[in-house]
**Q** 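Handing you this structure, nothing more for now.
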Amino acid sequence: MTKVTRSAVCCGAVALILVPAAAMAQAGTIVGTVRVGGAVPAPRLIEIDKNRDVCGDNIAAQDLVVRDGDLAYAVVTIDGLAGETDAQEYVLSNAECRFQPPVLATTVGGVLVVDNQDDVLHNTHLNFQRGTQTRTIGNWALSRKGASIRADRPLRRPGIIDVECDAHGWMHAKIIVFDHPYFAVTSDVGAFEIRDVPAGTHTVTAWHEVLGELQQTVVVEAGGVSSVEFRFPTESATN
């Protein structure tokens, strides 16, 4: 059985292959790193214009976080697969006057929990992207440190959600919602791991909100571990 859906990290439609539970016995793991080649500019410093007693005078932007060439917060996914998702909770924090993590990958059926770790009012405003249109799907005010809100309904469709704090204009994040479990977000050393990948030849995509997309073909063997490295060119990081 095949169905067509919209990719969560790119604009084109892709055909999905449904993975039977029995096939999971014939699965492997994909591990790898995402890097940026050559010299990378230092993180942008954003001047703070509000609540400086809590937020400080400036804050480092999180849209391009690179350490020794390793790229954090890139989203890696396997194209063309579908699988069951669950109803686990995903936490997005207002912490140190920015969203943590700045890129959160979730699944359809997941429930978002938002908290405030700062001694200042924040709000978390979610805008779902659909083509060229955006629609508010959540907007919660967290008036004090320790406040927490659990969304009253699960995430319902795959796609990209832009997150902003209307009280602090520099605060932004992305939530990427998938309708399958074959994805990962790179760590602060650019590393990722995707488990229970059906054996076979797969197209793997690395997506970053600033740098764009890279793709590679990866062969996965049952019970095996396949390695891959993505390297974005320096020009992507400096343009």
**Q** Counting only N and O atoms by type, is there a donor-acceptor contact under 3.5 Å from the side chain of T85 to the main-chain atoms of V108?
**A**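 Confirmed, T85 side chain pairs with V108 backbone.
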**Q** Starting from L214, can I reach I194 by hopping between I/L/V/M/F/W/Y residues whose side chains sit under 4.5 Å apart?
**A**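 Yes, same cluster.
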**Q** Could you tell me which non-hydrogen atom of C97 sits nearest to which non-hydrogen atom of M171, and how far apart they are?
**A**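 For C97 and M171, the tightest heavy-atom pair comes out as O-CG, 3.2 Å.
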**Q** Nearest heavy-atom pair of V204 and I30: which atoms, and what distance?
**A**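 What the structure gives for the nearest pair is CG2-CD1, 4.0 Å.
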**Q** Does T124 use its side chain to pair, donor to acceptor, with the backbone of W140 at less than 3.5 Å?
**A**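 Between the backbone of W140 and the side chain of T124 there is no qualifying donor-acceptor contact (under 3.5 Å).
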**Q** Does a side-chain heavy-atom distance below 4.5 Å link V113 with D115?
**A**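 No, side chains not in contact.
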**Q** Would a 4.5 Å heavy-atom cut-off, applied to side chains only, mark L104 and L112 as touching?
**A**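 Touching, per the 4.5 Å side-chain cut-off.
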**Q** Please name all residues satisfying side chain to side chain donor-acceptor pair (under 3.5 Å) with T186, sequence neighbours left out, ordered by chain then number.
**A**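 Result, side chain to side chain donor-acceptor pair (under 3.5 Å) vs T186: none returned.
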**Q** Show the nearest heavy-atom pair for residues P158 and F128, with the distance to one decimal.
**A**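 It is O-CZ, 3.4 Å.
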**Q** A side-chain contact here means heavy atoms from C-beta on lying under 4.5 Å apart; do V76 and F183 qualify?
**A**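 No. Closest side-chain heavy atoms not under 4.5 Å.
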**Q** If you count the non-hydrogen atoms of other residues, nucleotides and ligands that lie under 6.0 Å from CD in E221, is the total more than 12?
**A**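 No, CD of E221 has 12 or fewer neighbouring heavy atoms, counting only those of other groups under 6.0 Å.
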**Q** Kindly give the heavy-atom pair with the smallest separation between G200 and H202, and that separation in Å.
**A**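 Smallest heavy-atom distance, with atoms named: O-CD2, 3.5 Å.
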**Q** Going by ring-ring contact (aromatic ring centres under 6.0 Å, His included), name the residues that satisfy it together with H208, two or more places apart in sequence or in a different chain.
**A**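 ring-ring contact (aromatic ring centres under 6.0 Å, His included) check on H208 returns nothing, list empty.
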**Q** A quick test of your reading: do over 12 heavy atoms of other residues, nucleotides or ligands sit less than 6.0 Å from CG of D68?
**A**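 No, CG of D68 has 12 or fewer neighbouring heavy atoms, counting only those of other groups under 6.0 Å.
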**Q** Under a 4.5 Å cut-off applied to non-hydrogen side-chain atoms, are H180 and T77 in contact?
**A**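 Sidechains of T77 and H180: in contact.
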**Q** Give the ring-plane orientation class for F192 versus F230, where under 30° counts as parallel, over 60° as perpendicular and anything between as tilted.
**A**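 Because their plane-to-plane angle lies in the 30° to 60° range, the rings of F192 and F230 count as tilted.
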**Q** Show the atom names and distances, to 0.1 Å, of all donor-acceptor pairs under 3.5 Å that link a side chain in residues 159-166 to residues at least two apart or in another chain.
**A**
unit_1	atom_1	unit_2	atom_2	d
D162	OD1	Q129	NE2	3.3
D162	OD1	K174	NZ	2.3
D162	OD2	Q129	NE2	2.5
E164	OE2	N127	ND2	3.4
D166	OD1	H125	ND1	3.4
D166	OD2	N123	ND2	2.9
D166	OD2	H125	ND1	3.1

**Q** Taking all non-hydrogen atoms of both residues, which atom of A82 and which atom of Y182 are closest, and how far apart?
**A**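 Of all heavy-atom pairs spanning A82 and Y182, the closest is O-CE1, 4.0 Å.
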**Q** Consider only side-chain heavy atoms of I, L, V, M, F, W and Y, link residues closer than 4.5 Å, and tell whether I48 and V120 are in one cluster.
**A**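 Cluster IDs for I48 and V120 differ.
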**Q** Are any non-hydrogen side-chain atoms of Y90 and T107 less than 4.5 angstrom apart?
**A**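 They are in contact (side-chain heavy atoms under 4.5 Å apart), so the answer is yes.
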**Q** Check whether any side-chain heavy atom of L81 sits under 4.5 Å from a side-chain heavy atom of P198, and report yes or no.
**A**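 Heavy-atom side-chain distance check passes, below 4.5 Å.
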**Q** Same hydrophobic cluster for L92 and W170, using side-chain heavy-atom links shorter than 4.5 Å among ILVMFWY?
**A**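 Yes, one cluster joins them.
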**Q** Who passes side chain to side chain donor-acceptor pair (under 3.5 Å) against Q117, sequence neighbours left out?
**A**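 Side chain to side chain donor-acceptor pair (under 3.5 Å) check on Q117 returns S93.
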**Q** Say whether V114 and V111 are linked into one hydrophobic cluster, either directly or through other cluster members, by side-chain heavy-atom distances under 4.5 angstrom.
**A**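 No; tracing contacts between hydrophobic side chains, which count when under 4.5 Å, never links both residues.
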**Q** Are L64 and L211 side-chain neighbours, meaning at least one heavy-atom pair lies under 4.5 Å?
**A**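 In short, these two side chains touch, coming nearer than 4.5 Å.
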**Q** Strictly distance-based, threshold 3.5 Å: is any side-chain N or O of N139 a donor or acceptor partner for the main-chain N or O of L126?
**A**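 Such a contact is absent between N139 side chain and L126 backbone.
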**Q** Report the residues that fulfil side chain to side chain donor-acceptor pair (under 3.5 Å) with R67, sequence neighbours left out, ordered by chain and then residue number.
**A**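 If we apply the side chain to side chain donor-acceptor pair (under 3.5 Å) test to R67, skipping adjacent residues, there are no hits.
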**Q** Between the side chain of H172 and the main-chain N/O of G169, is any donor-acceptor distance below 3.5 Å?
**A**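 Yes; judged by distance alone, with no hydrogens or angles, the pair exists.
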**Q** Does D118 use its side chain to pair, donor to acceptor, with the backbone of E96 at less than 3.5 Å?
**A**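 Yes: the side chain of D118 pairs with the backbone of E96.
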**Q** Should side-chain heavy atoms under 4.5 Å link Ile, Leu, Val, Met, Phe, Trp and Tyr, which residues sit in the same cluster as V31?
**A**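 Noted: V31 shares its cluster with V225.
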